[in-house]
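Only one structure is covered here, and it is reproduced in the block below.
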Amino acid sequence: MRPALLNPLFAPVTSLSGVGPKQDKLLRYLLDRSETPRVVDLLLHLPTNVIDRRARPKIRDAVPGTVVTLEVTIDRHRPPPPRNSRAPYLVYASDDTGDVVFTFFRAKPGYVEKLLPVSETRYVSGTLQIYDGIPQIVHPDRVVDEAGMAKLSGIDPVYPLTEGLALGSLRRAISQAIQKLPALPEWTCPEILRRCHFPPFTDALNRVHVPIELTDILPDQPFWSRLAFDELLAGQLALALVRAQLRRPAGDRHAGDGHLRNKIIDALPYALTPSQRTAAAAIAEDLRQPIRMLRLLQGDVGSGKTVVALLAAAAVAEVGRQAALMAPTEILARQHIKTIAPLAERAGLRVAILTGREKGKERRDILARLFEGKIDLLVGTHALIQDDVTFKALALAVVDEQHRFGVRERLALTSKGEAVDVLVLSATPIPRTLVLTYFGDMDVSELREKPAGRQPIDTRAVPDSRLSEVMDAVGRALTSGKRVYWICPLVEESDMVNLTDAEARFKSLQERFGDKVGLVHGKMKGADKDRVMAEFASGEIGLLVATTVVEVGVDVPAATIMVIENAERFGLAQLHQLRGRIGRGSEASTCLLLYRESLSEMSKARLAVIRETTDGFRIAEEDLRLRGEGDVLGVRQSGLPGYRIARSDVHAQLITQARDEALRVMRENPRLEGERGEALRCLLYLFERDEAIPLIGAG
Ligand code: ADP
Ligand code: MG
């Protein structure tokens with residue numbers, strides 16, 4: 001149960017005055033929540049900039065184009081003439097050096113009269129402009145009287161907004177939210193507070209929202225850092241609490257004698273690479289230990305992770321247990337089952353697939369067989385974590401492309417069995433700090449070499465002014481029977497604008513190459529997607545126009561050419577993932593990165609990296625290095641998914657410190673008892689990392 005003292009923070013934002021249904025909708029969008037945001041969501045929405053209103057010149061000395069706060073006497077009003085509501089409402093004011101005009105468009109009746117009463121003194125702040133030779137402020141940001149002025153620091157926070165949401169109304173909501181902050185117990189130990197110069201949590205939150213100095217809102221300063229540390233600590237503690245439940249009952253082992261694994265290895269049309277063998281052995285060893293496995297299997301696209309995962313599943317099947325493999329997309333799940341099913345069959349391993357598409361009787365049958373233990377390995381999507389999916393004896397959860405799933409999903413899957421072992425597959429090498437952030441301490445296996453017989457990829461960057469040459473080249477390739485991917489950017493699957501790009505490109509390519517062209521995108525029905533993919537795999541269509549749905553896992557070894565449009569709009573990791581779809585067969589491959597001139601320095605650097613290397617580990621390092629340099633990619637990109645305050649670039653140091661602190665807590669107070677323990681529970685609830693708390697008593 002959440003401590004009562006946090007209740008005010010978890011009240012809906014609509015309980016604040018001035019926040020109605022319209023604001024609710026805007027705030028959901030802004031704060032990325034599917035339901036009405038809570039007060040705490042507002043509080044954790046931090047400013048990214050400030051407006052400095054401390055300049056207090058006389059009118060004569062005010063610099064046009066700058067933000068100033070003027071002390072003026074209001075002289076007279078000139079409302080718009082009746083019948084001309086388009087004309088502005090003007091207010092004339094002055095000080096002893098000159099005159100100024102305040103301009104309001106479409107002002108509500110009575111509003112300006114009340115705001116700026118004639119012959120009174122007011123402090124008016126906004127951007128000064130000269131219009132017809134007269135100083136003017138259009139829609140002043142702030143108008144206060146003497147008493148109001150005394151309360152302002154002169155520095156206003158500026159928040160990320162969304163269209164339709166005014167800064168002023170967000171500020172008003174946030175300042176009410178701050179009033180709701182209760183006195184919170186201190187959960188961070190005194191040494192850290194001292195060492196990092198951290199203020200108390202409440203002070204930090206106050207100072208970031210009500211800055212006194214311009215630097216107060218900077219992420220690397222103590223106020224923001226304190227909040228980031230607490231958020232990271234909550235995350236690390238939650239992971240450590242889960243990890244602490246790792247011992248399994250004595251005598252309970254999750255790997256058998258190897259008879260199924262040997263059958264699979266015998267059925268393989270190729271030999272395992274040395275690193276596949278090493279990884280499989282490490283996993284088998286983990287499964288034999290009396291401690292639960294938490295292992296990350298990293299390997300570039302095409303390095304052969306699936307078969308390693310299958311061997312792990314076979315190991316648990318040898319002792320009569322079950323395994324689950326959860327993939328982030330339906331395409332990927334089907335791809336897995338396609339690779340896995342023939343091999344599994346040869347070994348007598350029973351596999352099935354469960355996604356959103358298995359419905360009705362089919363689904364009921366799968367669930368029944370799963371519950372009876374007649375399925376050894378269930379492959380699927382999110383559908384695997386639905387409540388009515390019940391295993392007879394789940395012992396291993398394999399999670400593919402984990403960074404798309406959160407901790408909650410992973411827990412939801414592992415809670416379907418006892419002492420479930422976890423194997424995470426990732427195609428993008430995750431930097432150490434991120435592994436820590438999302439998994440805590442975790443073992444890592446790497447598949448460093450590519451399976452034998454892979455051909456290098458020739459990657460070239462081409463300005464889109466040469467589009468027609470590229471089209472010609474694609475035409476020649478199609479004639480000679482080659483298979484081509486044509487990727488159009490679609491950063492988010494909901495991005496309808498970009499979707500039309502893909503459709504438009506599909507049409508223009510179809511006009512030219514006829515029915516050799518297919519289209520696949522995230523908005524299509526699963527069955528349609530599969531059909532198009534199958535046609536491409538079989539060669540019925542030679543040119544596949546696709547959005548980034550092909551980014552992960554899709555395997556058509558015969559495809560040897562990839563054109564990526566607007567390559568400058570993709571991140572490095574994404575480009576690498578995409579390109580990994582080619583170069584999988586025995587033929588040489590070509591990747592053309594079409595870019596729109598003129599490129600920013602950052603885009604140039606990214607394309608250069610992609611051209612130079614296909615080593616995913618190097619690309620990941622370069623990615624981090626490039627992102628670290630300034631904010632070229634914007635604040636959002638350097639943030640950590642699932643974290644609102646901590647950022648990968650500024651707070652990397654804090655991640656390790658939070659990990660150490662979490663481990664110390666687990667050593668000294670694993671049940672979170674006493675005053676400090678209560679405070680830590682409060683922290684977990686505050687940042688909604690409380691999913692592990694019920695586990696504490698369970699021992
Ligand atoms: P990823 O690591 O991207 O998931 P996959 O597991 O999908 O890679 O493997 C890519 C392709 O490589 C598959 O077609 C698979 O059959 C093949 N493969 C896997 N291991 C080897 C190997 N040791 N030798 C040759 N081909 C392999
Ligand atoms: Mg894969």
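Each ligand, and each atom within it, is numbered from 1 in the order the structure gives.
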Do any N/O atoms on [X] end up under 3.5 angstrom from N/O atoms on ligand 1?
| X | answer |
| --- | --- |
| T339 | no |
| A271 | yes |
| L272 | no |

inquiry  = Side chains of S589 and R579: any donor to acceptor distance under 3.5 Å?
reply    =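 On atom types as modelled, these side chains do not qualify, holding no pair under 3.5 Å.
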Could you tell me which atoms of ligand 1, counted from 1 in the order shown, lie closer than 4.0 angstrom to a heavy atom of [X]?
| X | result |
| --- | --- |
| R584 | 3 (O), 10 (C) |
| T306 | 4 (O), 5 (P), 6 (O), 7 (O) |
| T273 | 23 (N) |
| D300 | 2 (O) |

request  = With heavy atoms under 4.0 Å as the rule, classify the contact between Q276 and ligand 1 as side chain, backbone, both or neither.
outcome  =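 Side chain only; the backbone of Q276 stays clear of ligand 1.
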request  = Report the part of L447 (side chain from C-beta onward, or backbone N, CA, C, O) that has a heavy atom under 4.0 Å from ligand 1; answer both or neither where that applies.
outcome  =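 L447 to ligand 1: no contact under 4.0 Å from either part.
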message = As a test of understanding, state which of H576, K305, Q577, E449 forms a side-chain contact (heavy atoms from CB on, under 4.5 Å) with D300.
response =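 Testing each of H576, K305, Q577, E449 against D300, the sole residue satisfying side-chain contact (heavy atoms from CB on, under 4.5 Å) is H576.
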inquiry  = Evaluate L311 against I265 for side-chain contact (heavy atoms from CB on, under 4.5 Å), listing each step before the verdict.
reply    = CA-CA 8 Å; L311 290 172; I265 291 171; 4.0 Å; yes
Touching ligand 1 at all, [X]? Heavy atoms, strictly under 4.0 Å?
| X | value |
| --- | --- |
| S303 | yes |
| V308 | no |
| Q335 | no |

message = Check for me whether R364 meets the cation-pi criterion with F371, that is, NZ or CZ under 6.0 Å from the six-membered ring centre and within 45 degrees of the ring axis.
response =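 Judged by the rule (NZ or CZ under 6.0 Å from the ring centre, within 45° of its axis), R364 is not positioned above F371.
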task = Determine whether Y485 and L578 make a side-chain contact, defined as any pair of heavy atoms from C-beta on separated by less than 4.5 Å.
result =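 A side-chain contact under 4.5 Å is absent here.
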I'd like to know if [X] and [Y] make a salt bridge, using a cut-off of under 4.0 Å between side-chain N and carboxylate O.
| X | Y | answer |
| --- | --- | --- |
| E285 | R288 | yes |
| D388 | R363 | yes |
| R357 | E330 | yes |

